[in-house]
Amino acid sequence: MSKKPNELTIIEAARALRAGELTVRALWDACVAAAEAKNPALFAYLEIFPADEAAIAEAQKRIDEEGERAPLLCGIPLAIKDNILIEGKIASAASRMLENYTATYDATVISKLKEAGALFVGRTNMDEFAMGSSTEHSAFGATKNPHDTKRVPGGSSGGSAAAVAAHLCIAALGTDTGGSIRQPAALCGLVGMKPTYGAVSRSGAIAMGSSLDQIGPLAKTAQDAQILFDAIRGKDPLDSTTIPDGLYPAHEVPKTLRIGVPRHLLGESLTAEVRAAFDTTLEKLSAAGHALLDVELPTSGHALAAYYVIMPAEVSTNLARLDGIRYGRFAEGDTLLDDYLHSRTEGFGPETRRRILLGTFVLSSGYIDAYYRKADAARGVLRDEYAKAFEKVDVIAFPTTLAPAFTFGEKSDPISMYLEDIFTVTANLTGMPALSVPMGTAARGGKELPLGIHFTAPHQAEAVLFAAARAVLPA
Ligand code: GLN
């Protein structure tokens with residue numbers, strides 16, 4: 001084997017484990033050794049877990065006894081974003097508020113991964129409560145991009161993305177409310193996927209915007225992302241918004257795809273390198289027999305504004321439970337109101353406070369009609385426009401980001417940071433599945449920085465989405 005064990009994909013590691021070329025213990029040790037060596041420089045992990053000897057032994061036993069029948073994820077070391085609960089482990093959402101909060105149960109995705117025999121290397125850094133596009137808003141310090149440590153890994157799942165890109169685990173889970181899986185995947189050179197709303201249970205994920213949030217995979221290949229997605233999806237009695245398995249149609253995947261390209265969205269702010277990489281990728285897809293078609297999505301220009309009304313509204317509601325009394329940090333004041341004030345002031349960072357204020361404002365009487373209800377109406381129009389476009393195309397393609405990874409502090413103005421989400425938020429507003437796949441690089445300061453192409457597919461058409469990803473990145 002020319003690659004080190006921690007550099008393998010899920011499928012390569014699974015094959016090596018079954019062939020007896022690798023043991024679960026050796027794979028675990030390789031990932032943890034890399035994590036311990038590189039984490040001081042990258043800060044991908046908030047915590048690297050001690051080895052779970054029983055789980056390692058059990059995974060090896062299953063592979064030895066069941067061979068090919070053992071789940072592909074058996075014995076595979078994964079990294080988990082710090083807003084997904086693992087029983088007995090801290091889940092802080094990178095916030096002082098939950099710094100010492102220990103999860104009392106497993107998120108449904110974690111139970112499913114445990115059943116499959118997967119192992120957990122650690123919990124990864126993120127923007128506080130998943131609010132951000134760079135992982136600079138973590139209360140515990142910023143994660144660095146493994147391709148250039150002067151630059152951000154993207155966010156909010158930046159720790160998970162950096163951990164996979166630097167081979168500090170084999171693959172990872174993140175959460176995506178407005179692009180937080182796809183955007184760091186693009187900036188770190190990975191495949192990152194946001195499932196259809198309701199495909200994956202949100203039980204045990206610390207809520208940000210409940211009508212937008214989904215848990216999904218960050219992986220080195222489309223095939224790995226699909227393996228993880230298949231392992232975590234499904235109806236869950238603990239999340240009433242999950243889609244019953246029987247209602248999940250087997251989508252036929254056409255041999256050649258009709259790819260819709262909304263050219264009108266690719267405005268001036270797109271950097272020349274991203275435009276060039278996007279055009280080259282489309283030319284290759286066309287040369288491989290896929291059809292490129294123009295599509296019009298006229299309301300897309302309002303998606304970001306709608307998202308930055310709906311999301312903070314839901315954030316302000318979800319974070320209301322963090323009052324110092326029921327969960328998390330408690331700072332005593334003279335009165336009960338003071339208790340709340342002190343606890344929330346000490347617990348929340350500036351970006352979290354900004355969004356709580358914004359959300360409370362757009363929901364307040366007198367403004368709810370002007371802001372929240374209008375944004376919700378725009379959401380309906382976006383859904384209809386995409387549904388109409390999907391009558392003539394299988395997927396819709398545009399770049400994932402406007403530019404490659406930016407430097408620390410470059411987007412200190414909140415609005416410039418929010419603009420990073422311009423291409424990714426629509427999939428969350430419409431609930432449709434979407435992913436980012438690597439599409440070449442851009443040279444900056446002597447480093448090659450990854451870029452991503454973004455595909456959206458109709459509701460529940462993940463199979464088509466993964467086919468598009470494989471068309472760009474074979475394997
Ligand atoms: N960057 C977006 C935001 O800050 C998306 C975050 C996310 O997907 N969790 O809201």
Side-chain angles (χ1 to χ4, degrees), residues 81-84 93-95 124-138 142-143 152-161 172-188 192-195 197 200 202 205-218 303-319 348-359 362 375 379 400-403 405-406 410-436 452 454 456:
K81 188 175 180 180
D82 193 37
N83 60 351
I84 301 173
S95 178
T124 54
N125 199 18
M126 55 185 279
D127 288 297
E128 185 178 12
F129 290 105
M131 297 183 225
S133 313
S134 68
T135 316
E136 289 168 288
H137 296 318
S138 163
T143 297
V152 302
S156 65
S157 310
S160 285
L173 288 187
T175 61
D176 192 311
T177 304
S180 279
I181 292 175
R182 291 160 285 153
Q183 194 241 9
L187 302 189
C188 289
M193 186 255 189
K194 181 204 83 81
Y197 185 76
V200 175
R202 288 175 295 115
I206 297 174
M208 178 180 160
S210 302
S211 77
L212 306 156
D213 298 342
Q214 275 290 283
I215 298 172
L218 282 133
L304 196 63
Y307 172 78
Y308 273 95
V309 170
I310 291 169
M311 173 274 298
E314 296 187 12
V315 162
S316 71
T317 313
N318 274 325
L319 298 195
F348 292 139
E351 184 58 30
T352 305
R353 283 188 232 162
R354 183 176 297 119
R355 299 207 191 187
I356 293 171
L357 289 173
L358 207 61
V362 300
R379 188 177 192 175
T400 311
T401 60
L402 295 164
F406 47 94
E410 198 178 322
K411 313 262 173 192
S412 52
D413 160 32
I415 303 289
S416 69
M417 187 72 89
Y418 299 167
L419 275 171
E420 284 299 300
D421 308 329
I422 191 146
F423 288 132
T424 50
V425 294
T426 310
N428 303 77
L429 289 170
T430 61
M432 289 164 184
L435 57 67
S436 178
H454 184 279
T456 313

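The analysis underlying the following values was restricted to heavy atoms, covering all of them including side chains, and did not include hydrogens, waters or symmetry mates. Counting starts at 1 for both ligands and their atoms, following the listed order.
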Looking at T175 and K81, what are the two nearest heavy atoms and their distance? OG1-NZ, 2.8 Å
Which ligand 1 atoms, with their elements, are less than 4.0 angstrom from a heavy-atom of G178? 5 (C), 7 (C), 8 (O)
State the OG-CG distance between S95 and D127, to the nearest 0.5 angstrom. 12.0 Å
For ligand 1, which atoms have a heavy atom of T177 less than 4.0 angstrom away? 7 (C), 8 (O), 9 (N)
Below the 3.5 angstrom mark, is there an N/O of M311, backbone or side chain, next to an N/O of ligand 1? no
How far is atom 5 (C) of ligand 1 from the closest protein heavy atom, and which atom is that? Y307 OH, 3.4 Å
Return the OG1 to CD1 distance between T400 and I422, rounded to the nearest 0.5 Å. 13.5 Å
Does any N/O atom on M208 come nearer than 3.5 Å to any N/O atom on ligand 1? no
In ligand 1, which numbered atoms sit nearer than 4.0 Å to a non-hydrogen atom of S156? 9 (N)
Donor on one side chain, acceptor on other, T424 and Q183, under 3.5 Å: no
Got a donor-acceptor contact below 3.5 angstrom from the E420 side chain to the S133 backbone? no
Based purely on interatomic distance, does T175 place a nitrogen or oxygen under 3.5 Å from a nitrogen or oxygen of ligand 1? no
Strictly under 4.0 Å, does any heavy atom of Y418 approach an atom of ligand 1? no
Side-chain H-bond candidate by donor/acceptor type, T135 with N125, under 3.5 Å: no
Polar side-chain atom of R355 near backbone of P312 as donor-acceptor pair, under 3.5 Å: no
Output yes when a side-chain donor or acceptor of D213 lies under 3.5 Å from a complementary backbone atom of A207, and no otherwise. no
Heavy atom of the protein closest to atom 7 (C) of ligand 1 (residue, atom name, distance): S180 OG, 2.4 Å
Protein contact of atom 2 (C) of ligand 1 - nearest heavy atom, named by residue and atom, plus distance: D421 OD2, 3.1 Å
Is it true that E420 lies under 4.0 Å from ligand 1, counting heavy atoms only? no
In Å, rounded to the nearest 0.5 Å, how long is the span from CZ of R202 to OG of S211? 8.5 Å
Using heavy-atom distances only, which candidate in M126, E351, M417, R355 approaches atom 4 (O) of ligand 1 most closely? R355
Mark up the atoms of ligand 1 that fall under 4.0 Å of a heavy atom belonging to D176, in ascending order. 8 (O)
Out of all atoms in ligand 1, which are within 4.0 Å of some heavy atom of Y308? Include the element for each. 2 (C), 3 (C), 4 (O), 10 (O)
Atoms of ligand 1, numbered as shown, that sit under 4.0 Å from any heavy atom of G132: 1 (N), 2 (C), 3 (C), 4 (O), 6 (C)
A130 neighbourhood, listing ligand 1 atoms whose heavy-atom distance to it stays under 4.0 Å: 6 (C), 7 (C), 9 (N)
Smallest heavy-atom separation, G179 atom then P184 atom, equals O-CD, 3.7 Å
